[in-house]
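Accompanying notes for the structure given below.
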Amino acid sequence: MSFSQDVWQRNLGLYQKTLALPFNQQLAQGTLSREAFSHYVIQDAHYLLAYGRALAVCAAKAFEADDVIQFSEAAKTAIVVERSLHDGFMQDFGISKTQFENTPLTLASHHYTAYLQATAWAESYPVVLAALLPCFWIYAEVGKDIIDKAAPNNPYQAWIDTYAGEDFHTAVRNVIATVDRVAARVDADTLEKMHQAYTHAARLEWLFWDSAYEQRQWPGLDD
């Protein structure tokens, strides 16, 4: 069994809980509140910069030249291409540049970005790959699930089309193939660390969406 097959089965329950989150269910139905989606867009734009930085470190640690190219391009995509999508959403939802810049990371966003960047710098290339994989893979699977049941004239159709689109899914399949190739040559201890890194990042994916739906800030400090 490949690493990707094993790690997906180990975390299938967590993925199903992510699909069942009110944020994703209501996004599919087109009934998600504008406030919750705006909260998400702002936090996701902050997240993508940190994710791009982690991908760049991953590229620097890669074992092969093709992997350096793959993750360098992924870092560019995270920061440039997807930022343009968020710029569009921010305009559509009336989020000003000043509002975005003055909105700090929430507790969930800070936790996730800090974990990814710390892992990127401190851990080996295989473990970094495993920590970065959930953001690729879970988004692709959520997008595929949502597009099959999305309501017509959905106000969030552009988001759905991005993560259900073939270009994104091709990129995700390529990342999974790289992770499996790297995982096939590591020792047992490293493989277990890869599983731990994936699961922790997958939990933070769940937390990120749940936090966006509830529009959570730092508890007890923003009253």
When you look at CZ of Arg203, are more than 12 heavy atoms from neighbouring residues, nucleotides or ligands closer to it than 6.0 Å? no
Common cluster, Val179/Phe63, ILVMFWY with side-chain heavy-atom separation under 4.5 Å: yes
Members sharing Met1's hydrophobic cluster (side chains within less than 4.5 Å): none
Any idea which heavy atoms bring Thr162 and Phe168 closest together, and the distance? O-CB, 3.5 Å
Using a distance-only test with no angle check, is there a side-chain donor-acceptor pair under 3.5 angstrom linking Glu101 and Thr98? no
With sequence neighbours excluded, residues passing salt bridge (charged side-chain N to carboxylate O under 4.0 Å, His left out) with Asp145: Lys149
Around atom CG of Asp187, are there more than 12 heavy atoms from other residues, nucleotides or ligands closer than 6.0 Å? yes
Determine whether the aromatic ring centres of residues His110 and His46 are separated by less than 6.0 angstrom. no
Residues at least two apart in sequence or cross-chain that pass ring pair (Phe, Tyr, Trp, His ring centres under 6.0 Å) with His169, listed by chain then number, are none
Is there a donor-acceptor contact under 3.5 Å linking the side chains of Gln99 and Thr103? no
For Tyr47, the ring pair (Phe, Tyr, Trp, His ring centres under 6.0 Å) test, sequence neighbours excluded, returns Tyr51, Tyr112, Phe208
With a 6.0 Å cut-off (strictly less than), is the heavy-atom count around CG of Asp167, excluding the residue itself, greater than 12? no
Glu73/Lys76 salt bridge by N-O under 4.0 Å criterion: no
Asp92: partners by side-chain hydrogen bond (donor to acceptor under 3.5 Å, both in side chains), with sequence neighbours left out: none
Would you call the rings of Phe71 and Tyr125 parallel, tilted or perpendicular, where under 30° means parallel and over 60° means perpendicular? perpendicular
Please check if the side chain of Thr119 supplies one atom and the backbone of Tyr115 the other of a donor-acceptor pair under 3.5 Å. yes
Ring centers of Trp206, Tyr15 separated by less than 6.0 Å: no
Any side-chain donor near an acceptor of the partner, Gln217 and Thr106, under 3.5 Å: no
Presence of salt bridge, Asp189 and Lys193, under 4.0 angstrom: no
Other than Trp121, what residues sit in its cluster of Ile, Leu, Val, Met, Phe, Trp and Tyr side chains whose heavy atoms are under 4.5 Å apart, directly or through others? Val57
Near-ring test Trp209/Tyr213, centroid separation under 6.0 angstrom: no
Thr18 and Glu205: side-chain donor and acceptor closer than 3.5 Å? no
So, are Glu123 and Lys61 salt-bridged, with charged N and O less than 4.0 Å apart? no
